[in-house]
Engineer: 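Take this structure first; my questions come after.
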Amino acid sequence: MRHTHILRRGTTALAAAALLGFGAAPAHADPGIPTVGYGYQNWGSSVRCIQYYVNQLTDVHILEDGKFGPETALGIRRIQQLASTDWAAAPLKVDGYFGQATGQVVLERVKYHPWMVDDYQKASICGHYVPSYTVVLN
């Protein structure tokens with residue numbers, strides 16, 4: 001019985017160390033985060049983070065209210081246009097939908113150009129609320 005208790009404590013300590021980043025591998029995106037856009041169930045936290053990225057990375061300025069609407073779709077299209085032309089990223093379909101490809105480009109842009117955002121910690125947290133192939137911000 002005592003041996004089991006010690007084993008549980010050791011396992012808990014090991015898990016805590018992994019969470020703190022000791023030898024941890026980069027985190028991967030939650031594949032369950034759906035595309036954001038018309039016709040999708042748009043979660044407020046995902047929309048709010050997309051609105052934050054739009055405000056930080058484009059000349060479009062929208063209210064960060066967590067509600068998907070025409071201004072948010074316009075901002076997403078602007079990000080997709082910039083990514084396809086100015087950012088030298090993979091060409092994106094300019095459709096106003098924030099899916100994994102758009103998310104990946106945005107997160108890579110923030111990672112390699114952190115001065116483009118005024119709050120890198122917020123940008124990093126938002127990386128976990130938008131669709132992407134991998135979470136590239138830590």
Engineer: List for me each residue that meets side chain to side chain donor-acceptor pair (under 3.5 Å) alongside Asn55, sequence neighbours excluded, and say none if there are none.
Structural biologist: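 If we apply the side chain to side chain donor-acceptor pair (under 3.5 Å) test to Asn55, skipping adjacent residues, the hits are Glu64.
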Engineer: Who are the side chain to side chain donor-acceptor pair (under 3.5 Å) partners of Thr72, not counting sequence neighbours?
Structural biologist: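 Gln51.
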Engineer: Hey, could you give me each pair passing salt bridge (Lys or Arg N to Asp or Glu O under 4.0 Å) that has a residue in residues 40-61? Not counting sequence neighbours.
Structural biologist: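 Counting only pairs at least two positions apart or across chains, the salt bridge (Lys or Arg N to Asp or Glu O under 4.0 Å) contacts touching residues 40-61 are Asp59-Arg78.
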Engineer: The criterion is side chain to side chain donor-acceptor pair (under 3.5 Å); which residues satisfy it with Tyr52, sequence neighbours excluded?
Structural biologist: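 For Tyr52 the side chain to side chain donor-acceptor pair (under 3.5 Å) partners, ignoring immediate neighbours, are Asp118.
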Engineer: List for me each residue that meets side chain to side chain donor-acceptor pair (under 3.5 Å) alongside Asp95, sequence neighbours excluded, and say none if there are none.
Structural biologist: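 Counting only residues at least two positions away or on another chain, Asp95 forms a side chain to side chain donor-acceptor pair (under 3.5 Å) with Gln80.
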Engineer: Just by distance, no angles: are the side chains of Gln100 and Gln104 close enough, under 3.5 Å, to form a donor-acceptor pair?
Structural biologist: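 Short answer, no.
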Engineer: Taking the side chain as every heavy atom from C-beta outward, state whether Asn42 and Phe98 have any atom pair closer than 4.5 Å.
Structural biologist: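 Side chain of Asn42 against side chain of Phe98, heavy atoms only: no contact under 4.5 Å found.
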Engineer: I'd like to know if Leu57 and Val94 are part of one continuous hydrophobic network [Ile/Leu/Val/Met/Phe/Trp/Tyr, side-chain heavy atoms within less than 4.5 Å].
Structural biologist: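 No.
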Engineer: Tabulate below the donor-acceptor pairs under 3.5 Å that side-chain atoms of residues 33-41 make, not counting sequence neighbours, or state none.
Structural biologist:
none

Engineer: Is a side-chain donor or acceptor of Tyr53 paired with a backbone partner of Val117 at a separation under 3.5 angstrom?
Structural biologist: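 Between the backbone of Val117 and the side chain of Tyr53 there is no qualifying donor-acceptor contact (under 3.5 Å).
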Engineer: Find the distance between NZ (Lys67) and CD1 (Ile62) and round it off to the nearest 0.5 Å.
Structural biologist: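 Lys67 NZ to Ile62 CD1: 13.5 Å, rounded to 0.5 Å.
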Engineer: With a 4.5 Å cut-off on side-chain heavy-atom distances among I, L, V, M, F, W and Y, is there a chain of contacts connecting Ile79 to Leu63?
Structural biologist: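 No, Ile79 and Leu63 fall in different hydrophobic clusters.
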Engineer: Check side chain to side chain contact (heavy atoms under 4.5 Å, CB included) between Ile125 and all other residues, then give those that pass, not counting sequence neighbours.
Structural biologist: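 In terms of side chain to side chain contact (heavy atoms under 4.5 Å, CB included), with neighbours along the sequence ignored, Ile125 is linked to Gln121, Tyr129.
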Engineer: Quick check: closest heavy atoms across Val54 and Thr58, and the distance to 0.1 Å?
Structural biologist: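 Closest approach of Val54 to Thr58, heavy atoms only: O-OG1, 2.6 Å.
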Engineer: Any disulfide (SG to SG under 2.5 Å) pairs touching residues 67-125, not counting sequence neighbours?
Structural biologist: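 Every pair satisfying disulfide (SG to SG under 2.5 Å) with a residue in residues 67-125: there are none.
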Engineer: Mind jotting down which residue pairs meet the disulfide (SG to SG under 2.5 Å) criterion with at least one end in residues 54-84? Sequence neighbours excluded, please.
Structural biologist: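 Residue pairs passing disulfide (SG to SG under 2.5 Å), neighbours aside: none found.
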Engineer: Could you note down all residue pairs passing disulfide (SG to SG under 2.5 Å) where residues 34-132 supplies at least one of them, sequence neighbours left out?
Structural biologist: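 Disulfide (SG to SG under 2.5 Å) check on residues 34-132 returns Cys49-Cys126.
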Engineer: As a test of understanding, state which of Val106, Ile50, Val47 forms a side-chain contact (heavy atoms from CB on, under 4.5 Å) with Val130.
Structural biologist: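 Considering Val106, Ile50, Val47, a side-chain contact (heavy atoms from CB on, under 4.5 Å) with Val130 is found only for Ile50.
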Engineer: Please go through Tyr112's hydrophobic cluster and name the other residues, only I, L, V, M, F, W, Y counting, with side-chain heavy atoms under 4.5 Å joining them.
Structural biologist: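 ILVMFWY cluster around Tyr112 holds nothing else.
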Engineer: Between Ser84 (side chain) and Leu92 (backbone), is there a donor-acceptor pair under 3.5 Å?
Structural biologist: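 Yes: the side chain of Ser84 pairs with the backbone of Leu92.
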Engineer: Quick one: list whatever passes ring-ring contact (aromatic ring centres under 6.0 Å, His included) with His61, sequence neighbours left out.
Structural biologist: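 Scan of His61 (ring-ring contact (aromatic ring centres under 6.0 Å, His included), adjacent residues dropped) gives none.
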